[in-house]
Each structure stands twice: as structure tokens, then as C-alpha cells.
Amino acid sequence: KGDYVISTAPLGVMAKINTNLNDDFKKALSATRSTPACKIGVEMNHRFWEQDNMIYGGVTSTDIPGHRIISYPSGNLFGHAHGDTGVLLGYYPIGGSSVSISNMSLSERTEFALSTGEKIHPGNYRNHFTGETMSVAWHKMKYALGGWENWSRRGRTRAFPVMQKGDNRIFISGNIASPALMGWMAGAIEGAWSTMEVIDKRVAQQA
């Protein structure tokens, strides 16, 4: 039991749940578009990007299809022996280009990351790879169905106000509830502020 329910589940997930939400609210929940996205972390036994190339943080952008960027870690910069190991973000395609990569097996994803990374850092990627990777494809996750969700211009104008108002005592929060931002932590924070403001006004009206 509770005074209110605040859901941060992706709207694409909520729309698939059998509920008694009102029809306008349900329709608003279906007005967003999910963005496919996938990443892979590749562990190296030598932080060559720092020690050999003087790269401390940031990204390398590429035009390699399905790859997009390599991102360099900002953690453990000055750990044991200047940081003995490190994990690179091996690729990060978003949108349609992420689908073909995420459909690969883990070994195929790893090989793709290594082969493309070797083009950027020849002689280092394969030589210092520990054999450990971790890969995530958010659009394949049952309770995510996407990296994040976006409103179309029409959805932002027509569906967002319906979603933001809530249905009786049920409200939406998270990045999709942000009036201006979509995706990322900044959107989630702004979405939380927005939801709190809506509930605060509702409580004040009922007092």
C-alpha cells in the first residue's frame, strides 16, 4: 500500500504490462521510440593508451561501421604501478548500427572490438588483451528494450503532457519524464525533479 506509485520502468516495458490504466495514459506510454545501443568492455594488461600514447580519458571517434568510439577509462589512473590493468570501451554503436553487432555471438563481438581497435592502436590491442570482455545490448534486455527512449516532436507535444500528469495516483519518472532532456543521467535527474513537482502540486490541491 502507498499514497503514490512512481514508475521508472521504460515506457516500452510498461506498455506491455496488463494494467487498468486509462486509455489516454496507455496511448501516451506507447508514443516513445526506443533507441538500440550496445557496448563492450575490453580488459588490457597494460595501460598503453596512457603509458605509451599519453591519452588520459576521452574518446577516439571512428568511421568504422558499427564501431563509433573507443572510450578510455578515467578510473585507476594512478593505481599500482600507474595502474597495471584497465578496461577500454571497445565500441558503442547506437541506433540501427548497433543491431548487427548485438546479433553477433560474444566471441564475434570480441573479435570485432579487437580488430577495429587494432586499427587505431596497432600492435597494442591484441598484444595486451587479457581475454576478458563484457558486452551489453540494452535493446535485447527484457526489462529495458532499448538504451533509452525518445519522444518524437508530435509525441513531445501531445503525449508527454498526458504522461507527465499521471493516471490517478500513478506517475512516471526517469529520463523519459524530463521536459527537455532525453537519455543519460542528466535526463533522469531532471525527470525526477519534474515528477516531484507534479506530485507536490497534486498534494497541495488535495490539502
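Not measured: the values here are computed from a predicted model.
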Distance-only check: which donor-acceptor pairs under 3.5 Å involve side-chain atoms of residues 195-204, not counting sequence neighbours?
from	atom 1	to	atom 2	distance (Å)
T195	OG1	I172	O	2.8
T195	OG1	S173	OG	3.2
T195	OG1	G191	O	3.0
R202	NH1	N168	O	2.6
R202	NH2	K165	O	2.8

Next on the checklist: Just by distance, no angles: are the side chains of Y72 and T60 close enough, under 3.5 Å, to form a donor-acceptor pair?
Outcome noted: yes

Measure from the side-chain N and O atoms of [X] to the backbone N and O of [Y], and report whether any donor-acceptor pair falls under 3.5 Å.
X: K140; Y: C38; answer: no
X: R156; Y: P179; answer: yes
X: R109; Y: M104; answer: yes
X: W151; Y: I176; answer: yes
X: D167; Y: I170; answer: no

Item to check | Residues, nucleotides or ligands: over 12 heavy atoms within 6.0 Å of K26 NZ | outcome: yes

Next on the checklist: Does atom CZ (R158) have a neighbourhood of more than 12 heavy atoms from anything else shown, all under 6.0 Å?
Outcome noted: no

Rounded distance (nearest 0.5 Å) linking atom [atom1] of [X] with atom [atom2] of [Y]:
X: S135; Y: F112; atom1: OG; atom2: CZ; result: 11.0 Å
X: E190; Y: N175; atom1: CD; atom2: CG; result: 10.5 Å
X: L29; Y: M14; atom1: CG; atom2: CE; result: 5.5 Å
X: L106; Y: T133; atom1: CG; atom2: OG1; result: 4.5 Å
X: F129; Y: E118; atom1: CZ; atom2: CD; result: 12.0 Å
X: K27; Y: N22; atom1: NZ; atom2: CG; result: 12.0 Å

Verify same cluster id: [X], [Y] (apolar side-chain graph, 4.5 Å):
X: F160; Y: L11; value: yes
X: L21; Y: F171; value: no
X: F48; Y: I70; value: yes
X: W184; Y: V59; value: yes

Taking the side chain as everything from C-beta on, heavy atoms only, tell me whether [X] gets closer than 4.5 Å to [Y].
X: T110; Y: I40; value: yes
X: V42; Y: M44; value: yes
X: Y125; Y: I120; value: no
X: H121; Y: I55; value: yes

Residue pair [X] / [Y]: nearest heavy atoms and the distance that separates them:
X: K119; Y: I64; answer: CD-CD1, 4.1 Å
X: I69; Y: S61; answer: CG2-OG, 3.9 Å
X: A113; Y: Y91; answer: CB-CD2, 3.9 Å
X: D3; Y: R169; answer: O-CD, 3.1 Å
X: E149; Y: S34; answer: CG-OG, 3.7 Å
X: R33; Y: S152; answer: NH2-CA, 3.7 Å

Item to check | Verdict with supporting geometry, V136 and M141, side chain to side chain contact (heavy atoms under 4.5 Å, CB included) | outcome: CA-CA 9 Å; V136 177; M141 297 174 68; 3.8 Å; yes

Under 3.5 Å, which donor-acceptor pairs link side chains of residues 92-102 to any protein atom two or more places apart or in another chain?
from	atom 1	to	atom 2	distance (Å)
S97	OG	I94	O	3.1
S98	OG	G95	O	2.8
S102	OG	S98	O	3.1
S102	OG	V99	O	2.9
S102	OG	H139	NE2	2.9

Item to check | Derivation and outcome, side chain to side chain contact (heavy atoms under 4.5 Å, CB included), residues L145 and K16 | outcome: CA-CA 11 Å; L145 301 181; K16 295 179 180 296; 3.7 Å; yes

Checklist entry - Given H46 and N124, is the side chain to side chain donor-acceptor pair (under 3.5 Å) satisfied, shown in steps? => result CA-CA 9 Å; H46 171 61; N124 283 308; 5.8 Å; no

